[in-house]
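Have a look at the structure below before the remarks.
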Amino acid sequence: MSGIPAAGSVERKVAATRANPLHTPFHPKWYRRRVPIFWWLGKGAYAKFIVRELTSLAVAYTVLALLALIWALGRAEAAYERLLSWMSQPAVVALHALVFLALLYHTITWLNLAPRALVVRMGKRRVPDWVVVAVHYLAWAAASAIFLYWLLGV
Amino acid sequence: MARSNEPFFWALFSSGGMLSALLFPALAGVLLLALPLGWVALPTPELIARLGNPAVRIGLFVLAFLAIFHWAHRFRFTLYDGLQLYHLSALIAVICYGGATAVSLAAAWVLWTP
């Protein structure tokens, strides 16, 4: 028994390859390492990447909420009041706080990547990354201020 | 070589990402948190009057359209890479872009039905 290695064992495969050099137990080109579904939980940077990508759900939710508010405003006072009382439940407020944090994360990660997408030159010199980021943060502040003024008329 | 529609969706993703980055924290902070908690009150008659302005309707439609296509493109690749669903890539694309198209149509309906 000791002469023949067990079927499926590494020894048996090595012996098969030695007997026929063209033989291989695996397809040489199609081999791919299996990646587990939750690969991104293992490392902080991967988890941050997935959280950044998932902020798109908060963006989509905000679009739907905005449309619901516009719809209620265009209907009647009662529809608007009903929507507001639904939104003031503690569970909904908690969900909306989470949505708000996700939107902030989206904004910060998006603006911080701006220098990668936008290379600004002044004459021959490249404008430093921090200037590009700072201009984007100023634009964020200005856009927020204008929008709030438009919405609330303060 | 078949032409790719990737640059088209990427342009929507990118402009929607920028618009939502600049406007959505303020928008959600007021409409989803401060308003229901009673910290602010909306000038509702004025806002209803402003919604009658075609420029305001178009602006809101463009915001909703670009932001929802930003979601579609980003979420498509989140499912694709994050959950390793390579074999479902066509179905995922149809669901994401189809969903974004449906929301855009809903936005047009909400904004243009009196």
Side-chain angles (χ1 to χ4, degrees), chain A residues 35-40 49-50 52-71 73-74 77 80 83-89 92-93 95-97 99-100 103-104 106-111 114 117 136 139-140 142-145 147-148 150-154, chain B residues 13-14 16-38 40-44 46-48 50-51 56-57 60 63-68 70-79 81-85 99-100 103-104 106-107 109-111 113-114:
Chain A
V35 179
I37 285 179
F38 294 105
W39 56 270
W40 40 274
F49 163 73
I50 288 291
R52 191 192 79 191
E53 298 304 293
L54 286 178
T55 60
S56 67
L57 288 174
V59 171
Y61 183 86
T62 306
V63 171
L64 296 178
L66 177 66
L67 292 177
L69 266 168
I70 295 172
W71 182 82
L73 266 179
E77 191 83 12
Y80 179 70
L83 184 58
L84 277 198
S85 73
W86 181 79
M87 288 205 300
S88 54
Q89 297 171 91
V92 181
V93 171
L95 171 73
H96 287 178
V99 167
F100 179 69
L103 290 172
L104 277 183
H106 163 61
T107 298
I108 292 165
T109 51
W110 190 270
L111 298 184
H136 278 82
W140 178 26
S144 303
F147 174 76
L148 290 179
W150 180 83
L151 186 69
L152 302 171
V154 283
Chain B
F13 159 76
S14 173
M18 185 56 90
L19 265 183
S20 57
L22 293 178
L23 292 173
F24 275 18
L27 191 151
V30 171
L31 296 180
L32 299 185
L33 289 174
L35 178 65
L37 291 172
V40 293
L42 293 184
T44 45
E46 281 170 44
L47 288 179
I48 291 167
R50 273 186 217 162
L51 283 172
V56 170
R57 288 181 183 180
L60 285 169
L63 179 65
F65 169 76
L66 291 176
I68 204 68
H70 166 82
W71 162 79
H73 195 70
R74 192 168 236 186
F75 195 60
R76 174 189 166 199
F77 285 102
T78 311
L79 292 178
D81 294 328
L83 296 181
Q84 309 279 311
L85 301 174
V103 171
S104 303
W109 181 79
V110 165
L111 287 166
T113 27

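What you see below is based on every heavy atom in this structure, not just the backbone, and it leaves out hydrogens, waters and symmetry mates. Proteins get letters first, then strands, A, B, ... in listed order; numbering begins at 1 in each.
Taking 4.5 Å as the limit, every side-chain heavy atom of A/Thr107 sits out of range of all side-chain heavy atoms of B/Leu22. Taking 4.5 Å as the limit, every side-chain heavy atom of A/Trp140 sits out of range of all side-chain heavy atoms of B/Leu23.
When each of A/Trp71, A/Trp86, A/Phe147, A/Phe49 is scored by its heavy-atom pairs under 4.5 Å with chain B, the top score falls to A/Phe147. The candidate with the highest count of non-hydrogen atom pairs below 4.5 Å against chain A, out of B/Ser20, B/Ala72, B/Ala28, is B/Ser20. Of the listed residues B/Leu63, B/Val40, B/Leu47, B/Leu51, the one with more heavy-atom pairs under 4.5 angstrom with chain A than any other is B/Leu47. If you tally non-hydrogen atom pairs under 4.5 Å between each of A/Leu69, A/Leu57, A/Leu104, A/Val93 and chain B, the highest count goes to A/Leu57. Looking only at heavy-atom pairs under 4.5 Å with chain A, the residue among B/Gly17, B/Gly99, B/Ala100, B/Gly29 that has the most is B/Gly17.
The two residues A/Ala65 and B/Leu32 make their nearest non-hydrogen contact at CB-CD2, 3.7 Å. The two residues A/His106 and B/Ala21 make their nearest non-hydrogen contact at NE2-N, 3.7 Å. Closest approach of A/Leu84 to B/Pro36, counting heavy atoms only: O-CB, 4.5 Å. The two atoms that bring A/Phe100 and B/Pro25 nearest to each other are CE1-O, 3.1 Å, heavy atoms only.
Of the two parts of A/Trp110, only the side chain, counted from C-beta on, holds a non-hydrogen atom closer than 4.5 Å to a non-hydrogen atom of chain B. Both the backbone and the side chain of A/Leu73 have a heavy atom closer than 4.5 Å to some heavy atom of chain B. Looking at A/Val99, the atoms closer than 4.5 Å to chain B (heavy atoms on both sides) all sit in the side chain, from C-beta outward. Both the backbone and the side chain of B/Phe13 come within less than 4.5 Å of a heavy atom of chain A. Of the atoms belonging to A/Ile108, not a single heavy atom falls under 4.5 Å from chain B. When heavy atoms are compared at a cutoff of 4.5 Å, B/Leu60 approaches chain A solely by way of its side chain, counted from C-beta outward. The contact between A/Leu67 and chain B is made by backbone and side chain atoms together, counting heavy-atom distances below 4.5 Å. Neither the backbone nor the side chain of A/Thr109 comes within less than 4.5 Å of any heavy atom in chain B. The part of A/Tyr80 that comes within reach of chain B is its side chain, from C-beta onward, which places non-hydrogen atoms under 4.5 angstrom from that chain. Proximity to chain A is limited to the side chain of B/Val30, based on heavy atoms less than 4.5 angstrom apart. For a residue to count as touching a neighbouring chain, one of its non-hydrogen atoms must lie under 4.5 Å from one of that chain's; by this rule B/Leu37 touches chain A with the side chain only. With a 4.5 Å cut-off on non-hydrogen atoms, B/Ala41 touches chain A through its backbone but not through its side chain. If you measure heavy-atom distances from B/Ile68 to chain A, the contacts under 4.5 Å come from both the backbone and the side chain. Interface residue A/Trp150: backbone and side-chain heavy atoms are both found under 4.5 Å from chain B. Heavy-atom distances place both the backbone and the side chain of B/Leu31 under 4.5 Å from chain A. Contact annotation for A/Leu151: both backbone and side-chain heavy atoms come within less than 4.5 Å of a heavy atom of chain B.
Residue A/Val63 forms a side chain to side chain contact (heavy atoms under 4.5 Å, CB included) with just one option from B/Trp71, B/Phe24, B/Phe65, and that option is B/Phe24.
Going from atom NE2 of A/His96 over to atom CG of B/Leu35 covers 11.0 Å, rounded to the nearest 0.5 Å.
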